[in-house]
2 protein chains.
Amino acid sequence: METFPGAHRPLYEVKANLFKGMAHPVRVRVLEILSAAPDVSVTDLILDMNVEASRLSQHLSVLKTHHLVVSERRGSQVFYSLAYPRVAELLATAKMLLGEVLESTQQQLLASEWTAPQEPAADTRGPSTITRQ
Amino acid sequence: METFPGAHRPLYEVKANLFKGMAHPVRVRVLEILSAAPDVSVTDLILDMNVEASRLSQHLSVLKTHHLVVSERRGSQVFYSLAYPRVAELLATAKMLLGEVLESTQQQLLASEWTAPQEPAADTRGPSTITRQ
DNA sequence: GGGGCGTTTGAGCACTTCATCATATCGTCA
DNA sequence: TGACGATATGATGAAGTGCTCAAACGCCCC
């Protein structure tokens, strides 16, 4: 377990760690919300996301550990915001990539239907990055 | 477990899935290598990365399932390449973000040494996205 | 077509992550 | 100060992930 931020680790390990920090729907949703608003309280996050306070808090903790968000206490509430604008940029790039993947996968799907209509949509196993929108 | 690529899932789930696919050092390293070269054989990857064939193959399989790479057999060897140039762009954005995180964390470190020299580098717990380079 | 190289697949095991529930801390206001 | 609302933390069990080793598979060349 790495303890010190400045520890000597190769870049690909650090990158993998970054992606790991973003590899959960709740955490991505939080980052998306924080990308759209400069400042959101935990209360609002709970309402917007319809998630239990304890669960959300744990994920917020993960995001904070990974230096993706920062928190500030104002009165009885805690407000979170993105630690860097580039976090939003990373999400935007991911969205564009997913758009491309979706597009070409749909084309493949159409093509396979054209050449082999009886085949019920080949290559549908495993987790996929494709979806609507 | 989702079976069909076009399944109706919210965007944040799909994004999280994408990051999950990239959340491992070996997989990030592969993507980095493929970002620099248009076409790399499994043999070369094994040599470059100094990793066991079986292990690498499993990670390549994950990358393929997530539509991040494509493979092509030429003779006795299999060549992998990025499925989309934007995968490299995503890595580049991640690298820039990590650069910013590193910079500001180092500054904080300096500041804390300035104000509290006896404190042995506070806030060093948990996985961190910081490193050299 | 048999042997060898290159690549993939599968089973077993350790380890990590996540959701849930319970409990603790912090701040406000009566 | 005491009670309550808002967050955070800790423990537990279930599920997922990754590594190792073994075996299978596919292709090429003799």
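In what follows, every chain begins at residue 1, and chains take the letters A, B, ... in the order their sequences are listed.
Contact annotation: B:K20 side-chain N/O to C:dT17 OP1/OP2 distance is not under 4.0 Å. Remark: A:Y80 is not in phosphate contact with D:dA6, judged by side-chain N or O atoms under 4.0 Å from OP1 or OP2. Taking side-chain N and O atoms only, B:H24 has no distance below 4.0 Å to OP1 or OP2 of C:dT16.
Between A:Y84 and B:S104, the side chains place a donor N or O and an acceptor N or O closer than 3.5 Å (distance only, hydrogens not considered).
Listed by residue number, A:V42, A:T43, A:S54, A:S57, A:Q58 are the residues of residues 38-61 of chain A with a heavy-atom contact under 4.0 Å to DNA chain D.
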**Residue pair B:K15, A:E32: steps toward the salt bridge (Lys or Arg N to Asp or Glu O under 4.0 Å) verdict** = CA-CA 10 Å; B:K15 273 192 207 167; A:E32 281 181 346; 2.8 Å; yes
**Item:** Test side chain to side chain contact (heavy atoms under 4.5 Å, CB included) applied to A:L45 and A:L60, step by step
**Value:** CA-CA 10 Å; A:L45 285 175; A:L60 287 173; 4.2 Å; yes
**Asked** Taking it one step at a time, do A:L11 and B:V28 satisfy side chain to side chain contact (heavy atoms under 4.5 Å, CB included)?
**Response** CA-CA 9 Å; A:L11 182 55; B:V28 170; over 6 Å; no
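Between the A:S35 side chain and the A:L31 main chain, a donor and an acceptor come within less than 3.5 Å of each other.
To the nearest angstrom, P of C:dG6 lies 18 Å from CD of B:E72. In this structure, A:F19 places its CZ atom 22 Å from P of C:dT16, rounding to the nearest Å. Following rounding to the nearest Å, B:R73 (CZ) and D:dC28 (C1') show an atom-to-atom distance of 10 Å. Between A:K64 atom NZ and D:dT9 atom C1' there is a gap of 12 Å when expressed in whole angstrom units.
Checking A:S76 against A:R27, the closest nucleotide of DNA chain C that is more toward the 5' end is the one next to A:R27.
Ring pair A:F19/B:F19 is parallel by interplanar angle, where below 30° counts as parallel and above 60° as perpendicular.
Among the atoms of the strands shown, none is found under 4.0 Å from any heavy atom of A:R74.
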